[in-house]
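Heads up: the structure comes next, in structure tokens.
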Amino acid sequence: MNKKIAVLVSGTGRHLQNFIDKSQDLSIDIVLVVSSSSQALALEKARGADIPCYVRGKKGKEVAEHYSQDIFTKIREARADLVCLAGFLKLLYIPSDFENRVINIHPSLIPDFCGRGFYGSRVHRAVSEAGVSRTGCTVHYCDNLYDHGPIILQKSIKIEPGLNPDMISKKVFELEIEAYPEAVKKVLTKFL
Ligand code: GRF
């Protein structure tokens, strides 16, 4: 039987689209998309694939425990087995019944270039400025810190001379698009 996945987004939803495209191969049903923004392009992708959506932004100084409660109520109602953060930019507070069932992808080799403020092009700019020889992506279980928790898998590339941050970003995303479905497959075998 297919496993049920909830995907949490804030932006363009390229990973969401990748999951939609590979859902048959992964034996998954995407039962819910949660967005922290009503403007996220990802919502159009979700609606185009007839996936129920829930928009829940952070209200003012609201703490993560508070908005996360609403989000996990919806996730429980949708009966999701696994929650995939895919460009979700808010800190999430994970309740005990979802420990080890929330995963994230980050476009660097954790523990480098991650944590608060390291998102999108900022990550690749920092990598480029630091002059490191390799970068890549990490899929990891989430705890209640940004980009933190046990690593499921990493993929890396060598940074050839002359690569600018945009080029690095493009190359890392090519890794991500392989790495995230691979990690989902790996995690889901634990539920079988
Ligand atoms: C990717 O760089 C991913 O590593 C990060 O968010 C970006 C993808 O966002 N967590 P999206 O799927 O294009 O919205």
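All values below were derived from every heavy atom in this structure, side-chain atoms included, with hydrogens, water molecules and symmetry-related copies excluded.
For E182, the salt bridge (charged side-chain N to carboxylate O under 4.0 Å, His left out) test picks out K155, with sequence neighbours left out. Listed by chain and residue number, R56 satisfy the salt bridge (charged side-chain N to carboxylate O under 4.0 Å, His left out) test with D70 (two or more places apart in sequence, or in another chain). Partners of R125 under the salt bridge (charged side-chain N to carboxylate O under 4.0 Å, His left out) rule, at least two apart in sequence or in another chain, do not exist in this structure.
In this structure a side-chain-to-backbone donor-acceptor pair under 3.5 Å is missing from K59 to Y67. Panel note: side chain K185, backbone V187; no donor-acceptor pair is recorded below 3.5 Å. Although no hydrogens or angles enter the test, the distance criterion places a donor-acceptor pair under 3.5 Å between the side chain of R101 and the main chain of D81. Between the side chain of N164 and the main chain of D166, a donor-acceptor pair closer than 3.5 Å is present.
Within the 4.5 Å cutoff, the side chain of D147 has no heavy atoms near those of the T138 side chain. Side-chain contact between D97 and R76 is present, with at least one heavy-atom pair separated by less than 4.5 Å. I159 is not listed as a side-chain neighbour of S133, based on a closest heavy-atom distance of 4.5 Å or more. I20 places none of its side-chain heavy atoms less than 4.5 Å from the side chain of V7. With a 4.5 Å cut-off on side-chain heavy atoms, V132 and D112 do not count as touching. Looking at K3 and L82, their side chains never come closer than 4.5 Å, going by heavy atoms from C-beta outward.
Pairs engaging residues 18-39 under the ring pair (Phe, Tyr, Trp, His ring centres under 6.0 Å) rule: F19-Y180 [sequence neighbours left out]. Within the structure, the ring pair (Phe, Tyr, Trp, His ring centres under 6.0 Å) test picks out the following pairs touching residues 87-145 (sequence neighbours left out): F72-F98.
When the shell of 6.0 Å around NZ of K171 is examined, it contains 12 or fewer heavy atoms from other residues, nucleotides or ligands. Other residues, nucleotides and ligands place more than 12 heavy atoms under 6.0 Å from the CD atom of E77.
Annotation: the span from S108 atom OG to R134 atom CZ amounts to 14.0 Å, rounded to 0.5 Å. Here the straight-line distance linking atom CG of L92 with atom CG of N144 works out to 8.0 Å at 0.5 Å rounding.
Think of F173 as one node in a network of Ile, Leu, Val, Met, Phe, Trp and Tyr side chains linked at under 4.5 Å; its network also takes in I177.
For the residue pair C84 and V184, the shortest heavy atom distance occurs at SG-CG2, 3.9 Å. Scanning both residues, S36 and S10, for their nearest heavy atoms gives OG-OG, 2.7 Å. Closest heavy-atom contact between L32 and C53: CD1-C, 4.4 Å.
When hydrophobic clusters are built by joining Ile, Leu, Val, Met, Phe, Trp and Tyr residues whose side-chain heavy atoms come closer than 4.5 Å, directly or via intermediates, V123 is grouped together with I168. Following chains of ILVMFWY side-chain contacts shorter than 4.5 Å, one cannot reach V172 starting from I105, and the two form parts of different hydrophobic clusters.
Each of L85, V83, V139 was checked for a side-chain contact (heavy atoms from CB on, under 4.5 Å) with I103, and the lone residue meeting it is V139.
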